[in-house]
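First up is the structure itself, then whatever we jot down about it.
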Amino acid sequence: MAIQAEGLRKRYEQTEALGGVDLEVPGGTVLGLLGPNGAGKTTTVRMLATLLEPDGGRAEVAGFDVVRQPREVRRRIGLAGQYAAVDEHLTGRENLVLIGTLLHLGRRSARERAESLLDRFDLTGAGDRPVRTYSGGMRRRLDLAACLVATPSVLFLDEPTTGLDPVSRMGLWNVVRELVADGMTVLLTTQYLEEADFLADRITVIDSGRVIADGTPDELKRKVGEERLEVSVARLDGVAAAVTALRAVSADEPSVDADGLISIALGDGMGGLATAAVALREQGVEVADFALRRPTLDDVFVTLTGKST
Ligand SMILES: Nc1ncnc2c1ncn2[C@@H]1O[C@H](COP(=O)(O)OP(=O)(O)OP(=O)(O)O)[C@@H](O)[C@H]1O
Ligand SMILES: [Mg+2]
């Protein structure tokens, strides 16, 4: 396990921010930590990154205890916080070189590292501009680059793509994927469930400081509901025949809404789709639309927390 936490607790005066959180992240995988605002995501990340002492419980990151061996932990982690932490008055290149120098990489290696990171994050052209002239997306990229100067084995990303446009977000996702392919372990928090779906091997959902669900994205979706086939027919007088056809392949009684849209639980996944298509044709039903609807992580989130994203 690259990250292992047991019973992490934290209280701020009257607020119990974390009421005993367990986490496990195998090396070289991505854990998505999801939860509504105030759930305790940032608090968890800050404790694992040794910036905040837990009131109770224990955690190991990269094999070291976050309370007893914080220096060992810090040497092996990178943290991109919820708000970018780069120096506004320095250029992008200067920021990266400065970090390298602080890490005692040596002048030459610090410069080389800065160049390769600027290149990787598509910032070479902006490298000599002060960061205060950067857009939000450029700052985010520089912030992530800054975390990687030290080549950490565990990376914490607290809402890494909040405020980014879809193209920048996709670019950042691809970088994270490359890092993981190279063996890095990532814990990321996010408000974007498609981000967790795309990046995370496993997801832990927390609410009010407690873990309320845990599993792969597919497992969580399956918990909320199964795949459903939705069929609409070309003419309303075909509904009855369609229901008859679909009843034979459905796990439950087909439901029909006011617009004549028929929905069935598809027990057998893709196999069920083929059977349903054949059954409709045999009944002579003219189909206008035939769609597989899978539960999304948004459905999971709403079902679990009662809050929408
Ligand atoms: N420094 C602090 N002092 C007092 N209360 C705090 C402090 N930091 C966090 N909290 C409270 O602890 C709880 C968890 O906060 P945390 O920042 O971990 O949530 P989060 O899941 O990161 O939320 P968000 O999605 O808004 O970033 C919240 O109720 C918050 O108000
Ligand atoms: Mg937060």
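What's counted below: heavy atoms across the whole structure, side chains too, no hydrogens, waters or symmetry copies. Indexing begins at 1, ligand by ligand and atom by atom, following the structure's order.
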Using a 4.0 Å cut-off to any heavy atom of T15, which atoms of ligand 1 qualify? 29 (O)
Could an N or O of ligand 1 be found under 3.5 Å from any N or O of A39, whether backbone or side chain? yes
Hey, what do you get for CG (L117) to CG (L96), rounding to the nearest 0.5 Å? 6.0 Å
Does CD belonging to E112 count more than 12 external heavy atoms closer than 6.0 Å? yes
Assess N37: does it contribute an N, O or S atom lying under 2.8 Å from the Mg ion (ligand 2)? no
Which of the ligand 1 atoms, numbered from 1, are nearer than 4.0 Å to a heavy atom of T42: 17 (O), 18 (O), 20 (P), 22 (O), 27 (O)
Looking at atom 21 (O) of ligand 1, is any protein heavy atom nearer than 4.0 Å to it? yes
For atom 6 (C) of ligand 1, what's the nearest protein heavy atom and its distance? Y12 CD1, 3.2 Å
Need the ligand 1 atom indices (1-based, order shown) with element for anything under 4.0 Å from a heavy-atom of T43. 14 (C), 15 (O), 16 (P), 18 (O)
In ligand 1, the atoms that come under 4.0 Å of a heavy atom of E159 are 25 (O), 27 (O)
Between E13 and ligand 1, which residue portion shows a heavy-atom distance shorter than 4.0 Å: side chain, backbone, both, or neither? neither
Taking CZ in R281 as the centre, count heavy atoms belonging to other residues, nucleotides or ligands within less than 6.0 Å. Is the count above 12? no
Correct closest heavy-atom pair for G40 and I206 would be C-CD1, 3.6 Å
Would you say atom 14 (C) of ligand 1 touches the protein, meaning some protein heavy atom is under 4.0 Å from it? yes
Report yes if some N/O of A17 lies less than 3.5 Å from some N/O of ligand 1; otherwise report no. no
Testing L187, T50, V154, V45 for side chain to side chain contact (heavy atoms under 4.5 Å, CB included) with L79, which one passes? V45
shortest atom 27 (O) of ligand 1-to-protein heavy-atom contact is with Q82 NE2, 3.0 Å
I need the nearest protein heavy-atom contact for atom 25 (O) of ligand 1: residue, atom name and distance, please. K41 NZ, 2.7 Å
Shortest protein contact, atom 26 (O) of ligand 1 (heavy atom only): N37 ND2, 3.0 Å
Does a donor on one side chain sit under 3.5 Å from an acceptor on the other, for Q283 and T244? no
Taking the side chain as C-beta and beyond, is there a heavy-atom pair between V149 and L102 under 4.5 Å? no
Test your reading of the model: is there a side-chain donor-acceptor pair from R139 to the backbone of V86, 3.5 Å cut-off? no
Can you tell me which residue and heavy atom of the protein come closest to atom 23 (O) of ligand 1, and the distance to 0.1 Å? G38 N, 2.8 Å
Show me which atoms of ligand 1 lie under 4.0 Å from any heavy atom of Q191. 25 (O)
Taking the six-membered ring of Y134 as reference, does the cationic atom of R141 (NZ for Lys, CZ for Arg) lie under 6.0 Å from its centre and within 45° of its axis? no
Give the minimum heavy-atom separation between L34 and A196, together with the two atoms involved. CD2-CB, 3.9 Å
Heavy atom of G35 under 4.0 Å from ligand 1? no
Side chain to side chain contact (heavy atoms under 4.5 Å, CB included) evaluation trace for R202 with E24: CA-CA 10 Å; R202 294 189 70 84; E24 279 194 340; over 6 Å; no
